[in-house]
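Here the structure comes first, spelled out in structure tokens, and everything after it is commentary.
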Amino acid sequence: LESTEINEVIESNIKLSTGVVSNGGNITLLAKDNIAMDAAGDITTLTTGKTIDLQADDAISMVNGTIIESNRGNVRLTALTDDITVGEIKAVNANIAVDAQVGNIFAVVSSNKNILANDLILLAGNAIGENDNYLDVSVTNIATQSGSGATYVENDGVNVNLGGLSVLVQRVKATGSTEDSSTSTQNDFKAGDDIYLVATSGNIVITANNENALTQAKNIVLIAEQGDITINCGGVDQGFFASESIKLIAEAGKITINSTDANSAGLVATKNILIDAKETVEDTDAILVINAKITSKEGYISLLADDSIT
């Protein structure tokens with residue numbers, strides 16, 4: 001589906017009030033203005049490996065109950081000048097990219113997960129999620145960048161894979177044939193403001209596999225409610241950088257900080273650093289394992305463990 005315009009005065013939108021289903025191919029929606037989906041305006045591919053590609057010059061909006069779902073095919077949403085509001089996007093055993101190039105990525109208020117996938121790339125010119133409504137995801141690997149705003153993500157346990165994630169989709173042309181669309185890639189875990197990453201179950205693992213990858217924000221807060229936190233800071237000059245503070249809290253588990261090189265920057269904050277391993281659940285190993293530098297330029301460092309620090 002494609003909506004074009006020959007006159008800027010006339011809006012050229014795609015509005016879905018009923019479902020779009022492909023039994024054997026890929027789906028592409030291109031709008032010169034907005035793409036809007038009602039609760040019944042689901043988008044579905046039934047054939048294994050077929051992709052879903054949505055691009056709007058302005059905004060892409062889903063509501064509570066709207067579902068975009070592929071059968072093991074990649075999914076990408078791109079808004080060139082406005083926001084993306086996510087309902088439910090499902091790409092089990094496949095990858096998803098959500099790219100609001102100058103806007104925000106918002107989540108509808110829902111009891112369901114907003115995104116289910118193997119790999120997830122989140123890119124926003126401003127913010128990802130909100131402080132009172134986190135983007136709720138269930139993914140294996142994630143890489144995110146919010147340009148001038150904060151990042152608020154809740155998950156079941158996740159690998160922040162800074163080795164570089166990529167998502168490729170097929171774009172359907174007017175002739176009905178397809179072509180590879182440009183690949184969405186992301187190395188970093190960065191925000192112009194704060195990063196809040198909460199794992200409600202499972203572990204948080206951050207690994208700087210790529211020499212150009214960085215974790216960087218104003219304040220960085222990682223909370224694992226029922227699992228461990230592991231940070232692999234990487235090699236020379238790589239690290240975990242906060243222009244203000246760092247807070248790492250494992251409510252019922254272990255926290256490990258590693259580096260692969262003696263010249264790794266490790267954890268660096270201008271102000272305070274708190275690393276706290278708690279034993280709120282009996283028989284968990286509430287320990288800290290520190291194998292990397294920890295530096296506060298102007299503040300305090302607190303290392304707390306209900307069991308041991310090594």
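In this text the structure is predicted, and so the values were computed from the model without any measurement. Start at 1 with the first residue, then count along the sequence.
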Task: Validation row: Glu88, Leu116 side chains within 4.5 angstrom (heavy atoms) - done: no
Task: Salt bridge present between Lys32 and Asp57 (N-O < 4.0 angstrom) - done: yes
Open item on the list: Using a 3.5 Å distance criterion without hydrogens, assess whether the side chain of Ser110 forms a donor-acceptor pair with backbone atoms of Asn112.
Closed with: yes
Task: Note, Lys15 side chain near Asn13 side chain (heavy atom, < 4.5 Å) - done: no
Task: Side-chain donor/acceptor of Thr270 to backbone N/O of Ser243, under 3.5 Å - done: yes
Open item on the list: Is it true that Asp83 and Asn104 share a donor-acceptor pair across their side chains at a distance under 3.5 Å?
Closed with: yes
Task: same_hphob_cluster(Ile195, Phe106) at 4.5 Å side-chain heavy-atom cutoff - done: no
Task: Leu165 vs Gln186 side-chain heavy atoms within contact, under 4.5 Å - done: no
TODO: Report the C-alpha distance between Thr51 and Asn74 in whole Å, list the side-chain angles of each, state the deciding distance to 0.1 Å, and finish with yes or no for side chain to side chain donor-acceptor pair (under 3.5 Å).
DONE: CA-CA 5 Å; Thr51 66; Asn74 293 341; over 6 Å; no
Task: Ser308 side-chain N/O to Ile287 backbone N/O, donor-acceptor pair under 3.5 Å - done: no
TODO: Would you please name every residue forming a salt bridge (charged side-chain N to carboxylate O under 4.0 Å, His left out) with Asp82, sequence neighbours left out?
DONE: none
Open item on the list: If the test is side-chain contact (heavy atoms from CB on, under 4.5 Å), which one of Ile105, Val108, Asn114 qualifies with Thr85?
Closed with: Val108
Open item on the list: Quick check: do Cys233 and Leu267 have side-chain heavy atoms less than 4.5 Å from each other?
Closed with: yes
- [ ] Report yes or no: does Asn219 contribute a side-chain atom to a donor-acceptor pair with the main-chain N or O of Glu244 at less than 3.5 Å?
- [x] no
- [ ] Can you sort out the partners of Asp156 under salt bridge (charged side-chain N to carboxylate O under 4.0 Å, His left out), two or more places apart, ordered by chain and number?
- [x] Lys113
Open item on the list: How long is the straight-line distance from OG1 of Thr45 back to CG of Asn26, given to the nearest 0.5 Å?
Closed with: 8.0 Å
Open item on the list: With a 4.5 Å cut-off on side-chain heavy-atom distances among I, L, V, M, F, W and Y, is there a chain of contacts connecting Ile229 to Ile294?
Closed with: yes
Open item on the list: Could you check whether any side-chain heavy atom of Val160 comes within less than 4.5 Å of a side-chain heavy atom of Leu197, counting everything from C-beta outward?
Closed with: yes
Open item on the list: Going by side-chain contact (heavy atoms from CB on, under 4.5 Å), Ile96 matches just one of Ile121, Ile115, Ile68, Val137. Which one?
Closed with: Ile115
Open item on the list: Using only atom types and a distance under 3.5 Å, with no angle test, would you say the side chain of Asp307 pairs donor to acceptor with the backbone of Ala286?
Closed with: yes
Task: Residues Asp119, Asn141; criterion side chain to side chain donor-acceptor pair (under 3.5 Å); working and verdict - done: CA-CA 5 Å; Asp119 293 351; Asn141 301 297; 2.9 Å; yes
Open item on the list: Using a 3.5 Å distance criterion without hydrogens, assess whether the side chain of Asn34 forms a donor-acceptor pair with backbone atoms of Ala59.
Closed with: yes
Open item on the list: When you compare the side chains of Asn272 and Ser245, does any donor N or O come within less than 3.5 Å of an acceptor on the partner?
Closed with: no
Open item on the list: Would you say that Ile43 contacts Leu54 through its side chain, given a criterion of any heavy-atom pair below 4.5 Å between the two side chains?
Closed with: yes
Open item on the list: Are Val21 and Met37 connected into the same hydrophobic cluster when the rule is that any two of I, L, V, M, F, W, Y join if their side-chain heavy atoms are below 4.5 Å apart?
Closed with: no
Open item on the list: So does Gly149 get a backbone contact from the side chain of Ser146, meaning a donor-acceptor N/O pair under 3.5 Å?
Closed with: yes
Open item on the list: Please tell me whether Asp38 and Ser17 have a donor and an acceptor in their side chains that are separated by less than 3.5 angstrom.
Closed with: yes
Open item on the list: Side chains of Asp58 and Thr81 only: does a donor on one sit below 3.5 Å from an acceptor on the other?
Closed with: yes
Task: Minimal non-hydrogen separation, Asp228 against Lys254, with atom names - done: OD1-N, 2.7 Å
Task: Pairwise side-chain contact, Lys50 with Ser70, heavy-atom cut-off 4.5 Å (strictly under) - done: no
- [ ] Using a 4.5 Å cut-off on heavy atoms from C-beta on, say whether the side chain of Leu122 contacts that of Val153.
- [x] yes
Task: No-hydrogen, no-angle side-chain donor-acceptor test under 3.5 Å, Ser148 and Asn126 - done: yes
Open item on the list: With a 4.5 Å cut-off on side-chain heavy-atom distances among I, L, V, M, F, W and Y, is there a chain of contacts connecting Phe189 to Tyr134?
Closed with: no
- [ ] Report whether Ile52 and Leu16 are members of the same hydrophobic cluster (ILVMFWY, side-chain heavy atoms less than 4.5 Å apart, transitive linking).
- [x] yes
Task: Gln226 side chain vs Thr200 backbone, donor-acceptor pair below 3.5 Å - done: yes
Task: Member of Ile275, Ile249, Thr215, Ile231 meeting the side-chain contact (heavy atoms from CB on, under 4.5 Å) criterion with Leu222 - done: Ile231
Task: Residues that Tyr196 engages under ring-ring contact (aromatic ring centres under 6.0 Å, His included), provided they are two or more places apart - done: Tyr152
TODO: Determine yes or no for a side-chain-to-main-chain donor-acceptor pair under 3.5 angstrom, with Ser264 supplying the side chain and Asp261 the backbone.
DONE: no
Task: Carboxylate-amine/guanidinium proximity below 4.0 Å for Arg171 and Asp53 - done: yes
Task: Within 6.0 Å of NZ in Lys293, more than 12 heavy atoms from elsewhere - done: yes
Open item on the list: Tell me if a side-chain donor or acceptor on Asn232 pairs with a main-chain N or O of Thr207 at a distance below 3.5 Å.
Closed with: no
